[in-house]
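Input: a single structure, listed below in structure tokens.
Residue numbers run from 1 in the order of the sequence given. The structure displayed is predicted, hence computed values, not measured ones. One-based numbering, in listed order, for ligands and for the atoms of each.
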Amino acid sequence: MRILVIGRGGREHAIAWKMAQSALKPELFIAPGNVGMKAVTAQTGAPVTLVNLDENATEALRDFALQNHIDLTVVGPEAALANDIATVFAKAGLRIFAPTAAAARIETSKEFAKDLMHKYQIPTAAYRTFEDYAAAKQYLDQQGAPIVIKYDGLAAGKGVVVAMTAEEADNALKDMLLDNHFGKGKVVMEEFLQGPEFSLLTLVNGEQVVPLVIAQDHKRAYDGDKGPNTGGMGAYSPVPVIPKEQIEWAVENIMKPTAKALIAEGCPFCGVLYGGLMLTKDGPKVIEFNARFGDPETEVVLPKLKSDLTQMMLDILDNKDVKPEFHDDAFLGVVMAAKGYPGSYTKNIPLRNPDELRQQVFCMGVKEENGQLLSNGGRVLIVLGQGKTLKEAQQNAYQGVKEMEHPELFHRSDIGWQAI
Ligand code: AMP
Ligand code: GLY
């Protein structure tokens, strides 16, 4: 069994670590991966090869998979999905657990996602789409604040402004529609919703929707959910503020109807359909969909999965019934980032070897020079704590964080606050 994982972050490290534990005894190839992922071999016995190919080198990745007899490919980053890697691989007769670019529009185009939800009555915030600043400004004057402004396209998690004042909203509109900060495009203006957020990752093939346990991410950079939005500063699972019935409701009324809607629209989904949901007074509503594993949710959800992920993906691709089992333990991950992130940040911070820790560490942005591990990105690594309770998992995680601490790194000290 030869598996190719595409991507280079903590998410892909967790995917590779979990898939490597399969009873199928796989050999792993990760393109391009990061040097921290080599630890998977010592932990699981599975051979791991880092392949020096960029996530976006679609044809080169296909040729690599053909030449190396890859049996299954799993894709992390959305950019690769937008390049339609799933179609390119399928045309070459390669098995890939990833949606086509057409199906991935559920993530890559906010307008597509909102229109789909509207058409199929999937609960989400009321919205309007604009290309023209004057029209958008007029709508803002009618609606007032708070209001949410979203750039329609990939903006690395930075294209969303939750504007508490009309002035903030107007500045965001000017930025996106007049100054074309993220490129020429549209904006979606959305009703402001309130309630606890949670991430529901499901493994999907056509109509089959297999939910994993939910997680909660911490998007803001600093304690108390203050500061700029980031790719995610920590996560934990389970999420006790969300009752079990609400999760089941969301699977039946949001995730399954969305999978059916994508079939009806001629772009059936295969891969990870991720619901970014909010439990409002009127029940769960969709904040956003992603067409891939979430980062850092994956780093806490996959450790909680007891079942064989590799086998699950193969079974789902074969349209076999899949019933995953989960560990009872709680998992909580704390991201350690370079000072300055998500703005411009310190680079080449020397890091302690995470293998020396008792805690599992997933590497997000690291490299090696002359045998020394160095940071190589804004989010550097995530330290995972495990425990009978979330409190215990949190204590464990922060003990590990203490051991990795460096004056040029920072982390949030309140991951899991809503639950503990
Ligand atoms: P998104 O990239 O769409 O997930 O948005 C990033 C963050 O902005 C979300 O995790 C929410 O915290 C917030 N957000 C997005 N849409 C809304 C909304 N309609 N109401 C309130 N908050 C929102
Ligand atoms: N954790 C949010 C995301 O993966 O988009």
Side-chain angles (χ1 to χ4, degrees), residues 7 9-12 14-15 75-79 81 104 106-114 117-118 123-129 143 145-164 168-169 172 176 182 187-202 212 214-221 225-237 239 271-282 284-302 333 335 337 342 362 364 378-379 382 412 415 418:
R11 163 181 58 197
E12 289 79 13
I15 294 168
V75 181
E78 60 273 25
L81 304 174
I106 192 117
E107 167 166 8
T108 55
S109 164
K110 301 244 183 234
E111 189 182 25
F112 174 83
K114 291 302 275 189
M117 287 187 264
H118 182 68
T124 189
Y127 70 102
R128 289 272 304 274
T129 305
Q143 297 295 312
I147 193 162
V148 182
I149 318 275
K150 300 186 178 185
Y151 176 73
D152 187 29
L154 294 178
K158 289 162 197 157
V160 176
V161 177
V162 180
M164 299 314 286
E168 247 181 289
M176 294 181 200
F182 301 106
V187 300
V188 174
M189 294 175 73
E190 251 183 43
E191 170 196 4
F192 172 73
L193 298 177
Q194 273 175 296
E197 287 181 64
F198 60 105
S199 305
L200 174 55
L201 278 65
T202 59
L212 303 179
I214 64 166
Q216 194 174 58
D217 181 10
H218 297 60
K219 289 208 167 98
R220 301 297 194 107
D225 289 330
K226 302 241 160 54
N229 262 318
T230 69
M233 294 300 294
Y236 65 95
S237 179
V239 187
V272 180
L273 181 62
Y274 158 138
L277 310 178
M278 190 183 269
L279 181 54
T280 71
K281 284 199 300 293
D282 307 318
K285 291 192 180 181
V286 178
I287 294 290
E288 65 163 354
F289 281 116
N290 291 319
R292 51 169 175 83
F293 281 106
D295 195 352
E297 289 93 329
T298 303
E299 291 94 309
V300 297
V301 168
L302 293 186
V335 171
F362 294 119
M364 307 178 102
R379 290 190 299 171
I382 180 166
R412 278 183 61 162
I415 300 302
Q418 288 198 52

As an exercise, state the distance from [atom1] of [X] to [atom2] of [Y], rounded to the nearest 0.5 Å.
| X | Y | atom1 | atom2 | answer |
| --- | --- | --- | --- | --- |
| Met233 | Arg379 | CE | CZ | 8.5 Å |
| Leu277 | Ile287 | CG | CD1 | 8.5 Å |
| Arg292 | Leu273 | CZ | CG | 11.5 Å |
| Glu288 | Lys114 | CD | NZ | 11.0 Å |
| Lys285 | Leu279 | NZ | CG | 11.0 Å |

Which of the ligand 1 atoms, numbered from 1, are nearer than 4.0 Å to a heavy atom of [X]:
| X | value |
| --- | --- |
| Lys110 | 2 (O), 3 (O) |
| Lys219 | 4 (O), 10 (O) |
| Val160 | 1 (P), 2 (O), 3 (O), 5 (O), 6 (C), 8 (O) |

(request) List the steps, then state whether salt bridge (charged side-chain N to carboxylate O under 4.0 Å, His left out) holds for Lys110 with Glu190. (result) CA-CA 11 Å; Lys110 301 244 183 234; Glu190 251 183 43; over 6 Å; no
(message) I'd like the name of whichever of Thr280, Val162, Ile149 reaches closest to atom 23 (C) of ligand 1 through any heavy atom.
(response)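 Closest candidate by heavy-atom distance is Val162.
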(request) Look at atom 21 (C) of ligand 1 and find which of Asp225, Asn290, Leu193 reaches it with the closest heavy atom. (result)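 Of the listed residues, Leu193 has the closest heavy atom.
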(request) Say whether Asn290, considering both its backbone and side-chain N or O atoms, lies within less than 3.5 Å of an N or O atom on ligand 2. (result)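 Yes, at least one N or O pair falls under 3.5 Å.
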(message) Does ligand 2 come near enough to Glu288 that some N or O of the ligand is less than 3.5 Å from an N or O of the residue?
(response)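 Between Glu288 and ligand 2 (N or O atoms, distance only) the closest approach is not under 3.5 Å.
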With heavy atoms of [X] as the reference, note each atom of ligand 2 found under 4.0 Å away.
| X | answer |
| --- | --- |
| Glu297 | 1 (N), 2 (C) |
| Asp217 | 1 (N), 2 (C) |
| Gly294 | 4 (O) |

(message) Once you restrict to heavy atoms under 4.0 Å, what part of Tyr274 touches ligand 2? Side chain, backbone, both or neither.
(response)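 The side chain, only.
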(request) Check whether any side-chain heavy atom of Arg11 sits under 4.5 Å from a side-chain heavy atom of Glu299, and report yes or no. (result)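 Yes, their side chains come closer than 4.5 Å.
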(request) State, with a plain yes or no, whether a side-chain heavy atom of Thr108 is found less than 4.5 Å away from one of Leu81. (result)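 The answer is no, as the side chains (C-beta and beyond) never meet within the 4.5 Å cut-off.
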(message) Evaluate Asn229 for polar contact with ligand 1, using N/O atom pairs at a separation under 3.5 Å.
(response)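 So ligand 1 has no N or O lying under 3.5 Å from an N or O of Asn229.
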(message) Can you tell me how the ring of Tyr151 sits relative to the ring of Phe182, calling it parallel under 30°, perpendicular over 60° and tilted otherwise?
(response)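 Tilted: the ring planes of Tyr151 and Phe182 meet at 30° to 60°.
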(message) Applying a heavy-atom cut-off of 4.0 Å, say which part of Gln194 lies close to ligand 1: side chain, backbone, both or neither.
(response)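 Within the 4.0 Å criterion, Gln194 makes no contact with ligand 1.
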(request) Around atom 5 (O) of ligand 2, find the nearest protein heavy atom and jot down its residue, atom name and distance. (result)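 Nearest neighbour among protein heavy atoms for atom 5 (O) of ligand 2, to 0.1 Å: Arg292 NH2, 2.8 Å.
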